[in-house]
Each structure stands twice: as C-alpha cells, then as structure tokens.
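Values below: every heavy atom of this structure, side chains too, minus hydrogens, waters and symmetry copies. If you're wondering where the values come from, they're calculated on a predicted model, not measured in any experiment.
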Amino acid sequence: MNLFIDFVTPIFLTISILILIVAYLVWLERKVAAKMQSRIGPYLVGKPHGLLQPLADALKLMLKDDSSPKNSDRLLFNFGPIWVMVVSLASFALLPFVFENQMIKTNLALMLFIAISSLIIVGIFIAGWSSNNKFALISVIRIIAQIISYEIPLIISLLIPCIIIGSLGFIEIINYQQTTWFIFYPVIGQIAFILFFISSLAEGNRIPFDLSEAESELVSGYTTEYSGIKFALFYLAEYVHLFGISVLGSIIFLGGPSGIFFTSNFLIVFKALLLFTIVLFVRWSFFRIRIDQLLKFNWNNLIPISFVLLLISCLLKYYMDLVI
Amino acid sequence: MKLKKIFQNIIRNLKFTMSNITKGSTTINYPDEKRDFPDKLRIGTFGLTVDKDSGEENCIACKLCERICPSNIIDIEIEKRDGRGFAKNFFLDLQSCIQCELCVQICPVDAIIMMKVPAEPVTLRSDLYLNKSKMMSNAKLYKESWARGSLLQESHKPIIKESK
Amino acid sequence: MENKIIEKDFGDLALNMGPQHPSTHGVFRLKLHLEGEKINRVESYLGYLHRGVEKLTENLDYDMIPPVLERDDYLSPTSNSLGFINTIEEMCNIEVPKRASYLRVLIAELQRISSHLVALGTYGLDLGGALGGGASLFLYCFREREKILDVLEVITGTRFHTNMNQVGGVRYDVNDESLNKIKDLINYLKPKLNEYYNVISNDEIFMKRTKNIGIITKELVMSSGGSGPVARGSGINYDIRKNNSYEIYDELSFEIPIGKNGDSYDRTMVRMRETIESIKIIEQILEKLPEGALCSRKPLKSAKLLKPPKGSHYKAIESPRGELGFFIVSDGTSMPYRMKIRAPSFSNLSIVEKLLPETYIADAVVILGSLDPVFGDVDR
C-alpha cells in the first residue's frame, strides 16, 4: 500500500498540474496574439479577461461527435492521438519540474529525455497515414523529413554545455550554474543557445517551420480528419512537448532554480514561461519557409556550425583540464 | 556583411509587430458600444413621409420610383380621390434592395426616404416584405437620413453662367 | 517460391484544390497532378460565380445600370461604373464639369488604395498562415482599410458600393467637414504605408519565398493579354492613365512604378508603390478642387430620356487589376442591345496554366496570390 502511494501520487500530481498549466498556456497565447494585432482576445467567458475560456473549449470539444472516415484504418486512427499524448507526458518523468529531483533518478537524464520525446513522430505518422486523405499524406511526408533532420543540431547544441560542465545529469548541471548561467559563457554560450532555439522551433512545428500544418495549402495537415476529443489531444500534446523543451532550455541554459536574489524551484517554471513567450512573439511575426529551403538551411548552415562548435568546445575542455 | 543584414531585418520585423502591444485595441464591442452614424447613411429601411402642415400623405402614386428601381422591388396600386392620386397599396421587398437611392432621387414630392438606422434583424421572412402601414410607421419611429429627392435634384442643376 | 518485386506505375497523384479552399481567392477549382512535391500539369475550371450580368443589362435603361454593374468587380466598385459611364458619355458627346471629374478621381483613387490593401493582406495569409505571421499582416491592412471605408461612408452614405457616379457627373457633394476628414486620413495613412513598404520589402523570409518565383516574360504577357500590375511587374511601361488618359489624369503629376524581373516579388512591390502614388494624387486633388456644378445634364426625371445614337463604341480604364473595358452596341433605344465587359482578371488568370508546371505546391499558392484574381471579375 505504501509502495502504491509512493508510486501513484507523484505521477498524478505532475500530470494534473501539467494539464492545468498547458490549458492556460493556450489562453496566454490567444491573449498575446490579440494584443499584437490590436484586438481583444477571449473576453466574454469570465467577463473581464476571459479566464474561463479553456474550460469552455474543453467542454465543447468533449461533447462533439466521435466519428472516423469510412475508408480509414479504425484501430490506428484512434490510436494515433493516444500515442502522441502519452509519450509527451512521459517525457516529463525526467525533468525536475515539481519536485526537487526528477522522478526517475539517473545520471543520463538528458539523453533519456531526447530519446523519449523523439518517439512522438511515430504517433504523428500513424495518425496521418491512417486518415486515408491526400492532404494528410503530403503533410506527414514533410514532417518526417523535417523532424529527423532537425534532431541533429538539437542534440549537439545540448551536448555542448554537457561537455564543458562534464556530466549528463541535471543535478551537476544545476550545481555548476549557481554563480553564472551558461548563456553568459563567452562565445560558446550564446551561439549554442541560438542553435538550440532554432532547432526547438523546428522540433515543435512552430512558425517559421510550420509546413506540416500549413493551413493555406493543405487544409490543416495531419489533423484534417480529426475532431472532438482526439483533436484536443493533438493540440494539447503540442503544447506539452513545447513546454517540456522550454523547461529543458531553462535548466541547461538559463540556470534552472538559481536566481539573482533567491533560489527556488518556482524559477524553473518562470523561466520556461519566458522562453515560451519569446516563441509566441516569433510565431505571430514571421511567415513560413518552404520545405526544401528548410532542409537546405539545416544541412548547409546549421549542421556545419554545430559540428565546428562541438570541436572547439572539446578542445577547450581538453586544454582547461591540462592547465588545471 | 550578409549575416549582419539578415540580423537587422529580423530585428526590424520583430519591432514592427511588437510595437503594437502598447497601442490599444480598435474593436467596438457591438451591443455595449455603438458607433455614431453619419448623416447620409443609406443602409437601412424606408419610410413614407406625411406633409408637415396638413398631415396628409405625400405620395401621389406617380409610379416613377417603381419604374426606375433596377431590382424591381416596388409595387404600387393607384387610387384616385379628392382630386389627386393616393397609393392604395405600397409594397417594397427589402430583401432585394441594393441601396442605390435612385427611388429617393427621382421622387418629385419627397415622399419616400431612407431612415438613418441599420436594418433590424427579424425572425420571419415576411417581416422583410414591407407594406404601406409599416413604412408610414417607420418614418415616425426612426431618424431620417439626409437625402431627399428635392435636395439631390437641386444640387444636380447645371449652373448656367451669365455671359459677360 | 521466388521473391519477385512487382513494380507498378500508378501515375501522378491528383490533388484537388477545390472550389472551397483556404487559399484560392474565391471560388476556383484547380486540379494539380503531382509527382512528389513537383507539379506536372494543371487543369483549371472556372464559372462558379457566373451571374449573367451582361444579359441582365439588356433589360435595364442606361441610367439604371451603374448600381448593378458595381457588383461586378467587388473589391473596387467605382472603377466598373466609371468605365461604363465614360463609354456612354463618349457615345453621346456629354461633357462633364470639372468639379465632378475631380470628385470621381478622388473616390476612384481611394478605392484603389483599399483594393491593394486587401491584395496585400490576403497575400500575407497565403504566405504565413491563418495562425501565424500572416494573420498579423492581414489585420493591420484591414485596420487601415476600415478608416478609408469610414471616410467613404461620410461622403456618400455606404461604405462600399458607393453609387457616386451617374451619367453626366457625380451624385453627392463634399463639404468642409468631409474635406477635413479626408485630410486627417491622408496624414494618418502616409507614414503607415511607407512603413509597410519598408518592412515588407526587406523581410528575409518574404524575399526567400517570392523572389524568382513565377517569372512571367514579356512575350507571355503580350500573347495572353495581361495588363495592370502583372504587366508592369515584367517591365512593360503601359498604364492607361498616362498613355490614353481619361478624366483629369493629364492635369495631375504622378509616376508609374515598373518592375524588373517579372517575379512575384516585383508584382507585390509594384502594388505597394502604387498606393503611395495614389496618396500623392489625392493630395493634389485636395489642393486643386474647383467650384462648379456637379452634373451637366438636367436633373433626373425619367430614365427613358437617354438614347445614344446607333453604333458601337469601346473604352477602357485602369482598374486596380488592369485594363477594364466596355463595348456597347446600341440600336437607338434606351436599353443597350449588347454590352461586353473586357475583364482584366480573366486574361491575367489564363497565365496560370503555363506558369505552374515544374514548381512546388507551395509555389502554386504564392503565384496565384500575386496575380490577384477577383472572381466576380473573372466570371461576371
């Protein structure tokens, strides 16, 4: 019984807090977008600021009709959104998000996080393929190429702090940054942060790398045939994944729980929200890039820069170890 | 350098959209706030006027407005009494009106005018098919627009210059 | 059992950008035959918005036609009625007073700015998506356009289909209050349009998406009858306002922007620079507006009094889409025998079948948006 409580309570607590935060991230996005376009965002539900809008949306999506197209593969059609949501939530087991340490205590937390969150693409592929729709097929072809290509700069830009700090676990990374954050490291910190930011935009399917859900050409991409609670699962899973990458970025680059005046675990969430707001500003200001320009940008520009930076940081660490 | 130019373009683009955050919103929340309508507004319903002194109807059923309407929405029946014509029935189908104001412009006695109110929502289609009593009560209910037949035709007179 | 690999050629993938689609600018069906992401060939189907305007006018008198014709090209309505009225006035030798001519040009230029703003806003929607950067550009352009429509409402009474023109002159007059509102509008619009031109012409992703896409050569333009910004983007120096001038355009001084390469970037830049030139025209009109009559015919008593002589006549004006022409055949009565409208969007749209092969799907949307078709004009 004790084992059961020890096992279930952290999972239940994390998932409920996470879903609540993500539902209000949707509210935040609509409000910020409205302010940038000189209009009011959600207003009527919960009168002055529209704070009850996420609950109204969730209720509406739950009451919609639950159907699948005639010639689609029923089992896989219903399975796709479940996979995407479960894997996105499972990757939060490795982040020190609510508690002092992460739920799975290991030294290789960074690598496991990247490995688990790379499985999301399988769910998207299942969803797009089983819809039996040409628009979904084209969108899924594009998204597979995009996500596989952009994993390389993401992993390398996350490896650079680990090489200089010397470990892959989050505890040592947080201890190293108690005086200065990694983003203030002379040249390597800023370039690594920019590489991480750009590849996390591409991993999370945000504008300017948004072609899979390109509403102007392919009517809504791989989610064309979905409605109701399945669409809500896709929508929330995208925000969960993006929030997870923001928390990762705030731990590795922005110092995690260490702040200017005090040290606390709430600062992780605060810095993650800051990164998320910068992603929102980028989303509502730029157009989107075509698929072949996107792939050329990756293989011609991002990967050479990241490999050169990796080499420089390895040499730097070697000479620092020699001297010290 | 090319990289510096790209960086400058990105920053200019971000400044362009983010500078809108401090300016207010331009929405008018319709049922609570309304905007003020100009004088010449012609997007609403019609009204049949009465003479100010005697209280008689102005319309003499000359059928000029029926002939000039491009959409053929007006339907008049004449009735003669007291030495002048009266309109026994005056039907106007508001669903097909294209709001061109040609009927107002051509009326010689200023009988038909447009009212300065947007068209009201109704629940039955037969409410949009106006008859004479509805149009006469419209003229008393709502405010009137600027345009009258005599005003428009007065402004269209070609000014004849006196030869010096 | 031997393992055989059976290869079967299924041909192209046929994708239907059907009549309802978020990015074709109206009702238009385009059938793409794809091979991977490249387009092999294209079939297009028109006619979803055909309303029979040309046949409808055979039963209407000449004074009743302009309000009906304004619904033809619904993004710049006064250019339709202006072209029709110019044709009738040349057939019947009616002279228009100076003040009326100035007011006609004022309303026409205001609607040119509003039409180009719609073209730019919806182009942003095509490039950036309804949830993304394109929506910001769309809402900014429509916010400026609302101010123009408010000024039009003060002058004439409706925001859009203004019915300002009648045969012989103009219907409504401006007084001092309207003139002050137009001056405030110009002072508000001028820095904004310049800022939009600066930001968009230097936008990194915009240049990457539109440069060298959809290059139209001069021979293709001339063989298919393109006109307007489509022709001027390819370097052809032809604008009816200068070459074959009507109304009072020969008393005003303005420039014609011309592009160099003929790609989508040049066409959009030509449209944006045209709006800046239109503001210069409106400023000159506000200075030079003379006093005088509004109409040179007697006030309207009956529509049956206007009977042009027997014969036919053609006249074209410059609408925001290109050369809009009217060919009227009259047989002496008060209703036209036949009226044919030369629609600019129809000839511009016929270039699409030659441009689209050998490009990507994403480029198809960009090219279609830069040609700026309006389907009320294509199908009439």
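- In this structure, the side chains of A:Ser285 and B:Leu14 come closer than 4.5 Å at one or more pairs of heavy atoms.
- Side-chain atoms of A:Gln146 and A:Asn205, non-hydrogen and from C-beta on, do get closer than 4.5 Å to each other.
- Sequence neighbours left out, not one pair with a member in residues 293-313 of chain A passes side chain to side chain donor-acceptor pair (under 3.5 Å).
- The pair B:Asp39-B:Lys143 does not count as a salt bridge, with every side-chain nitrogen at least 4.0 angstrom from each carboxylate oxygen.
- Smallest separation of non-hydrogen atoms from B:Ala147 and B:Ile113: O-CG2, 4.2 Å.
- Taking 4.5 Å as the heavy-atom cut-off, the residues of residues 20-27 of chain B that approach chain A are B:Asn20, B:Ile21, B:Gly24, B:Ser25, B:Thr26, B:Thr27, ordered by number.
- At a heavy-atom separation below 4.5 angstrom, chain A is approached by no residue within residues 87-105 of chain B.
- Using cut-offs of 30° and 60° on the angle between ring planes, the pair A:Phe297 and A:Phe209 is parallel.
- Partners of A:Phe193 under the ring-ring contact (aromatic ring centres under 6.0 Å, His included) rule, at least two apart in sequence or in another chain, are A:Phe253.
- How far CZ of A:Phe231 is from CG of A:Leu236: 10.0 Å, rounded to the nearest 0.5 Å.
- Here the closest heavy-atom approach between residue B:Glu33 and residue B:Ile28 is recorded as O-CG2, 3.6 Å.
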